[in-house]
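For reference, positions follow the sequence shown, starting with 1.
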Amino acid sequence: MSSRYEKMTYQRCGKSGVLLPRISLGLWQNFGDTASQRTARELILHAFDLGITHFDLANNYGPPPGSAESNFGRILKADLAAHRDEMIISTKAGYTMWDGPYGDWGSRKYLLASLDQSLKRMGLDYVDIFYHHRPDPETPLEETMGALDHAVRQGKALYAGISNYRPKETRRAAAILRKLGTPCLIHQPRYNMFDRWIEDGLTSVLEKEGIGCIVFSPLAQGLLTDRYLRDIPPDSRATREQFLKRATVEKNLPAIRALHAIAKKRGQPLAEMALAWVLRLPVVTSALIGASSIAQLKSNVKTLYRLDFSKEELTEIREILRSAKAFVKLPHRKGEIARTEKQEEAPVGKGKRELHVPGGK
């Protein structure tokens, strides 16, 4: 559709020359081999026709891991090959992808091998953005950032990005990349009304460093939608107890209903208001959405018709979130030991230090 660019709003990513759509499509779920391939194709093509030019993947997206990239590559080749230069395609590496010591975390060996595999699955010569998916406490940051720089210099990625890095880690990563001559383009953190850790220092770091921000899970795994206003539907994520827990839904129901009431007065579904809320921050370039239907996709894009908030609305939302104790200062990382900037490694033996970090995503 030639009118696709009239339907979408684009924003500059940090201090770079890249413009990203305010709404981007993430292929974390609903695009693997267990999903309907017909629906996946329809979602990707319809998203592009709505002006969503950014498609976000990772090596382990599926299930099974890698299948989202393979399926996206087939759709790209069959339907969108002529539009490759109109698209921003990103992928990541940092979580467990294959067995053994070289298929996880942040070594140069893992990152560059993973990127080669991702390009092969998608049938691409390069990706636009290659991210390190999470910090690796045991690999020197210089090695990890050096691998991102090398990927760009090889021409296998146009830009480098990081994901799930805390403020101090972000400053260090940005400084290393800048010295290498490959500036950090973008940071991808989790951010939504119930998980606001980026407000505790990261947003100011990104603004100072001139790094863009694309947030994932802006709807808190569906928590910030109309789906759970009355009860927990039997076919919902919360019943599967995988990423969204039943107890989490039940605990936050009063806040969800209160937020829904504000959204209703604004003339928006709760999901649209929640997306508008994350986009209210100037440093947030784009919000990554997932979608399982065309109707859901269209509704999320409609968010862009109503992004403004009154001072009264923001105050009311702030009070609801405060009463729900929803402010989270640091990201949760399943399978990892929580580490703050003040935490030191415990000494082991004669002057040696050891930090045990379990594997797994």
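Taking both residues in full, the closest heavy atoms of Gln11 and Val284 are given as NE2-O, 3.3 Å, listed atom of the first, atom of the second, then distance. Listed here is the closest heavy atom pair of Thr91 and Glu69: OG1-OE2, 2.5 Å. Considering every non-hydrogen atom in both Ala274 and Met193, the closest pair reads CA-CE, 4.2 Å. In terms of heavy-atom proximity, Cys184 sits nearest to Leu177 at CB-CD1, 3.7 Å. Closest non-hydrogen pair, Ile52 versus Leu25, comes out as CG2-N, 3.7 Å.
Criterion: ILVMFWY side-chain heavy atoms under 4.5 Å apart, direct or through other members. Under it, Val152 and Leu185 are not part of a common hydrophobic cluster. Placement of Ile89 and Leu111 within a single hydrophobic cluster is found when ILVMFWY residues are connected by side-chain heavy-atom separations under 4.5 Å, directly or transitively. A continuous path of Ile, Leu, Val, Met, Phe, Trp and Tyr side chains, each step under 4.5 Å between heavy atoms, connects Leu307 with Leu281, placing both in one hydrophobic cluster. Leu304 and Leu20 are assigned to two separate hydrophobic clusters, defined by single-linkage of ILVMFWY side chains at heavy-atom distances under 4.5 Å.
Looking only at atom types and distance, the side chain of Gln268 has no donor-acceptor partner in the side chain of Arg306 under 3.5 Å away. Side chain to side chain, Ser90 and His54 meet the donor-acceptor criterion of an N or O pair below 3.5 Å. Ser107 and Glu143 are not linked by any side-chain donor-acceptor pair at a separation below 3.5 angstrom, with hydrogens and angles left out of the test. Between the side chains of Ser286 and Ser24, at least one donor N or O lies within less than 3.5 Å of an accepting N or O. The closest side-chain donor-acceptor pair between Gln154 and Tyr126, if any, does not fall under 3.5 angstrom. Of the N and O atoms on the side chains of Asn192 and Gln221, not one donor lies less than 3.5 Å from an acceptor on the other residue. Under the 3.5 Å distance criterion, with hydrogens and angles disregarded, a donor-acceptor pair is assigned to the side chains of Tyr110 and Asn59.
Residue pairs meeting the salt bridge (Lys or Arg N to Asp or Glu O under 4.0 Å) criterion with at least one partner in residues 206-220, sequence neighbours excluded, are Arg178-Glu209.
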Assess the residue pair Thr96 and Asp104 against the criterion (side chain to side chain donor-acceptor pair (under 3.5 Å)); give the C-alpha distance rounded to whole Å, side-chain angles, the decisive distance to 0.1 Å, and a yes or no. CA-CA 4 Å; Thr96 303; Asp104 200 349; 2.6 Å; yes

What's the verdict on side chain to side chain donor-acceptor pair (under 3.5 Å) for Glu272 and Tyr305, showing C-alpha distance, side-chain angles and the deciding distance? CA-CA 10 Å; Glu272 291 179 26; Tyr305 300 152; over 6 Å; no

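Figure legend: cation-pi geometry between Arg172 and Tyr165 absent, as NZ or CZ is not positioned both under 6.0 Å from the six-membered ring centre and within 45° of its axis.
Remark: the backbone N or O of Asn300 is paired with a side-chain donor or acceptor of Thr303 at under 3.5 angstrom. Formation of a donor-acceptor pair under 3.5 Å by the Ser36 side chain with backbone atoms of Thr39 is found in this model.
In this structure Thr285 satisfies the side chain to side chain donor-acceptor pair (under 3.5 Å) test with no other residue, sequence neighbours excluded.
If you look at Phe31 and Tyr61, their ring centroids are not closer than 6.0 Å.
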